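Quick caveat: nothing in here was measured; it's all calculated off a predicted structure. Nothing fancy with the numbering, it's 1 onward along the sequence.
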Amino acid sequence: YTSGKGSSAAGLTASVLRDPVTRGFIMEGGAMVLADGGVVCIDEFDKMREDDRVAIHEAMEQQTISIAKAGITTTLNSRCSVLAAANSVFGRWDDTKGEDNIDFMPTILSRFDMIFIIKDHHDQQRDMTLARHVMNVHLSAHTQTEAVEGEIPLATYKKYIAYARVKCGPRLSAGAAEKLKNRYVVMRSGAREHERESDKRASIPITVRQLEAVVRIAESLAKMKLQAVAGEEEVDEALRLFQEDQEMISRIEKQLKRRFAIGSQVSEHSIIQDFTKQVGAGVTWLSIGSVHLC
């Protein structure tokens, strides 16, 4: 675990120091080298300097870190997953700002297999459930000894994960590979059409890097089930996790541009009423929180 504000490029990758005894140069691995075979968690990712974020590009792409300093030339393994958390530019996610909430270069965003937006929606029932859970944790922290019914013991869970990582190495089936190839071509065409209509580049371009990300997600889903082959079901779920938000936003923008003139001022209430009528006619309802007319 590391924090973005207190992390530097050398602290995440590797550094070369002078030994105080021998006066020779020695190399020390950073967080991503020490996490080889595991997971490195980076909090406050948005607080990192841009130069430090660039330093982990190779580690996230090639799973290695190349060093050529002070006469030491070597390559270190950093075969780890990166779990990073960042805040919105405005402190809280503003639905009216869309992608302006994220202040990251496409080069670093494209290296993450999945990106999720976590919002704090006010829901009385959910807030009550969460508050009850927190209170129960504090009240019964020292008294609760019996396991909850249906809960997997931690020791069993660890053994299952260790067994899956060592013994299971699924690969895509021929049918799943063909389906993924066709979907990739469609995704590329859709992204190009969206950029042409909106007259601006996408935040995360659809490239071969994204294709490899979908393959990794599909194989991971198969590994969770201890399957030797990742089929079309795993590919469908991987594609859903990868592109659900992008497709939703694209469909909303197309409907808004088709129904309202660009440059016109329309109240949010009128837009909601118009889309509600479409729901009654059998059209799927889509949230319009992140779309604005421009």
Side-chain angles (χ1 to χ4, degrees), residues 1-5 39-48 53 60 81-137 187 190-191 194 198 200-206 210 213-214 217 220-221 236-257 260 266-276 278-279 283-294:
Y1 169 84
T2 182
S3 177
K5 191 66 175 178
V39 180
V40 57
C41 302
I42 306 177
D43 195 12
E44 303 289 348
F45 195 60
D46 56 302
K47 304 299 189 300
M48 289 179 61
R53 283 201 291 261
M60 297 184 68
S81 302
V82 178
L83 178 63
N87 294 317
S88 170
V89 175
F90 309 102
R92 292 174 62 92
W93 185 269
D94 189 349
D95 289 331
T96 62
K97 301 295 183 180
E99 61 186 28
D100 294 335
N101 289 276
I102 304 175
D103 186 20
F104 292 110
M105 295 293 292
T107 52
I108 189 68
L109 288 177
S110 62
R111 282 171 166 78
F112 286 97
D113 291 352
M114 290 185 290
I115 300 176
F116 295 98
I117 300 172
I118 302 177
K119 301 180 183 179
D120 183 19
H121 292 294
H122 298 287
D123 183 274
Q124 184 175 1
Q125 185 62 35
R126 190 184 63 176
D127 294 343
M128 184 66 68
T129 303
L130 180 60
R132 189 182 299 112
H133 170 72
V134 173
M135 293 300 102
N136 289 337
V137 169
M187 288 166 58
H194 175 70
S198 60
K200 63 179 181 180
R201 302 284 293 180
S203 299
I204 307 177
I206 303 299
Q210 278 63 51
V214 177
I217 297 170
S220 300
L221 292 171
D236 290 337
E237 178 64 15
L239 288 169
R240 185 192 68 83
L241 291 171
F242 179 78
Q243 65 175 159
E244 181 179 16
D245 289 340
Q246 294 180 353
E247 288 185 350
M248 182 185 67
I249 294 175
S250 178
R251 290 197 301 266
I252 296 171
E253 289 182 345
K254 287 182 179 178
Q255 290 193 38
L256 286 174
K257 289 179 179 179
F260 303 104
V266 184
S267 66
E268 181 180 351
H269 178 73
S270 300
I271 298 176
I272 294 176
Q273 289 291 329
D274 189 70
F275 275 88
T276 305
Q278 295 188 41
V279 175
V283 179
T284 304
W285 167 252
L286 300 172
S287 172
I288 62 172
S290 58
V291 178
H292 59 281
L293 296 174
C294 57

How long is the straight-line distance from CG of D43 back to CG of N87, given to the nearest 0.5 Å? 8.0 Å

Quick check for you: to the nearest 0.5 Å, what is the distance between Y1 atom OH and L83 atom CG? 11.0 Å

Determine, step by step, whether T129 and H133 satisfy the side chain to side chain contact (heavy atoms under 4.5 Å, CB included) criterion, reporting the C-alpha distance in whole Å, the side-chain angles of both residues, the deciding distance to 0.1 Å, and the verdict. CA-CA 6 Å; T129 303; H133 170 72; 5.7 Å; no

Over all atoms of both residues, closest heavy-atom pair of M60 and R111: CE-O, 3.8 Å

T2 side, atom OG1; E44 side, atom CD - distance, nearest 0.5 Å: 11.0 Å

How close do D113 and I217 get, counting heavy atoms only, and between which atoms? O-CD1, 4.2 Å

With F104 as partner, the option from I115, V89, L109 fulfilling side-chain contact (heavy atoms from CB on, under 4.5 Å) is L109

Separation between CG of L130 and CD of Q125, rounded to the nearest 0.5 Å: 12.0 Å

Less than 4.5 Å apart, any side-chain heavy atom of Q210 and any of V214? no

In the structure I gave you, are the side-chain heavy atoms of M105 and R53 within less than 4.5 Å of one another anywhere? no

